[in-house]
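Written below as structure tokens is the structure these notes are about.
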Amino acid sequence: MVSGTLKNLYWTSFSQAASLEAGLLAVGNGEGKIIVYDLSGVCSSRESGVGERLKSPCNVISAHSDAVYAMVATEGFCVSGTTGQISGRRWEDMKQGQVPPAWSFSLECDQANFGTPEVNSLAHDPQRGLLYAACGDWRTHVYDLETGKRTHTLEGHEDYVHKVVVGTGGSSNSPLVASGGEDGQVLVWDPRVGREPRHRLAPHTQPQLARPSQGRFVATLDLTGDWLVCGGGPRAGIFHLKSLALTTVLPPAAPTIHVTKFTRYAEGGDRGGIVVAGVSPQLTVCSMAGMVTAQLPASSPCIYTVNVTDKPFTMMTYGGTSTKLDVCFNLNYRDHTVSLVDE
């Protein structure tokens, strides 16, 4: 009983990745474990209109000796990041007990200045076969997934890099990489034209976003077309990348923000919608104009991870400081909650 109570108190889910092709959802926690859910029944039922719910985990993998801070899905692999290491496990093997990684990268450590850096965020560029890792050594490291070699690093932050995302720039469809850090900066690169950032933003300097009592750090961001959304200590806001203008201040006003995510073409919500979550027991879905379209209850008093899939059907899962994972098949309401532990 005491052990279970402590687990409920100290459990934290930091990351998620999903592969609908493999029919699996993976959740990374603070104990270095990856909790795996079988989505095959959900996928078939959603397509047929039956409406089956997510069931208990089908596997729990002891993946790392430290927290699984970051995860990303590639076509064949579930990629996880922890302190000093990035590993890839084949999706097709993830149901089979203690699956060893198919490959691993060890981060090069600068012991004099940073020690062994943690991997805070991972992003995949499928067009170029690159993996981006935002790390605690103030850098974003870039790896070629075919060779396993680090190709270069993106530098310019003056503190921890919390988040990295890959997107494209509007009608030009040019590739973009953006990162946000503890230093309060958002840096945007065009990876085709050198190592210097194309844009620099400092959201905390915008009076509408500034919250000095909560700091200036940028914990989360996302890209779609000509738009960037970010938040952290500052309130969440949308920036237009061509003009670098702040166009929309997003609710909620009070809590620290850990997740901002464009919903793309998810059903049951504005097609240009945005998910905002953080230190609050609810998740907010807003329009691009900043109007709240839904406020969804959360099992976690603090949400760290949200995963949204939109094809062939909508599914959103979110979690944080709780042994529960909340599940939505429509961005207007929470459908059900599933346990992350054996009960």
Side-chain angles (χ1 to χ4, degrees), residues 1-17 25-35 37 53-54 56-57 60 66-71 118 120-121 160 162-163 180 182 209 211-222 229-236 250-261 263 269 274-286 292-308 315-328 331-343:
M1 175 66 73
V2 173
S3 177
T5 301
L6 288 175
K7 181 175 287 188
N8 290 344
L9 287 173
Y10 292 105
W11 181 287
T12 303
S13 299
F14 285 114
S15 55
Q16 294 182 74
L25 170 69
V27 181
N29 78 357
E31 297 179 342
K33 292 181 170 58
I34 296 176
I35 298 89
Y37 292 91
R53 291 185 167 192
L54 200 63
S56 299
V60 177
D66 201 357
V68 185
Y69 294 116
M71 300 181 77
E118 71 280 7
N120 295 318
S121 175
Y160 300 133
H162 288 302
K163 185 71 175 179
E182 186 72 15
L209 302 182
R211 297 188 293 192
S213 62
Q214 299 195 46
R216 63 182 185 177
F217 68 93
V218 177
T220 174
L221 53 84
D222 200 7
V229 60
C230 62
R235 287 186 65 176
L250 298 173
T256 299
I257 307 299
H258 291 299
V259 180
T260 52
K261 187 180 292 288
T263 60
I274 299 163
V275 170
V276 182
V279 185
S280 171
Q282 66 179 13
L283 177 147
T284 301
V285 184
C286 351
V292 175
T293 59
Q295 287 185 315
L296 309 180
S299 301
S300 304
C302 177
I303 301 170
Y304 283 115
T305 176
V306 177
N307 186 77
V308 181
M315 183 177 74
M316 178 168 69
T317 50
Y318 51 101
T321 51
S322 167
T323 57
K324 303 293 184 181
L325 189 71
D326 296 305
V327 185
C328 305
L331 299 185
N332 288 329
Y333 64 90
R334 180 177 65 178
D335 188 87
H336 66 282
T337 297
V338 65
S339 177
L340 288 155
V341 298
D342 294 329
E343 295 185 328

Side chain of [X], backbone of [Y]: donor and acceptor closer than 3.5 Å?
| X | Y | value |
| --- | --- | --- |
| Ser15 | Val68 | yes |
| Arg235 | Leu250 | yes |
| Ser300 | Gly319 | no |
| Gln214 | Thr256 | yes |
| Asp335 | Val327 | no |

Compare every heavy atom of [Y] with every heavy atom of [X], then report the nearest pair and how far apart it is.
| X | Y | answer |
| --- | --- | --- |
| Arg334 | Ala298 | NH1-C, 3.9 Å |
| Val279 | Cys302 | CG2-SG, 4.0 Å |
| Leu221 | Cys230 | CB-CB, 3.8 Å |
| Ile303 | Val259 | O-CG2, 4.3 Å |
| Ser121 | His162 | CB-O, 3.4 Å |
| Gln16 | Leu325 | OE1-CD1, 4.2 Å |

Please work out which of the three classes, parallel, tilted or perpendicular, describes the rings of Tyr304 and Phe14, given edges at 30° and 60°.
tilted

For Tyr160, I'd like to know if atom OH has over 12 heavy atoms of other residues, nucleotides or ligands within 6.0 Å.
no

Set out, in order, the CA-CA distance, both residues' side-chain angles and the distance that settles side chain to side chain contact (heavy atoms under 4.5 Å, CB included) for Lys261 and Val308, then state yes or no.
CA-CA 8 Å; Lys261 187 180 292 288; Val308 181; 3.8 Å; yes

In this structure, which one of Asn307, Asp326, Leu283 forms a side chain to side chain contact (heavy atoms under 4.5 Å, CB included) with Met316?
Leu283

Looking only at side-chain N and O atoms, does Thr260 offer a donor or acceptor that is under 3.5 Å from a partner on Asp222?
no

Under 3.5 Å, is there a donor-acceptor pair linking the side chains of Asn29 and Ser13?
no

With side chain to side chain contact (heavy atoms under 4.5 Å, CB included) as the test, would you mind laying out the steps for Val292 and Thr284 before giving the verdict?
CA-CA 7 Å; Val292 175; Thr284 301; 4.1 Å; yes

Stepwise side chain to side chain contact (heavy atoms under 4.5 Å, CB included) check, Met71 with Ile34
CA-CA 10 Å; Met71 300 181 77; Ile34 296 176; 4.0 Å; yes

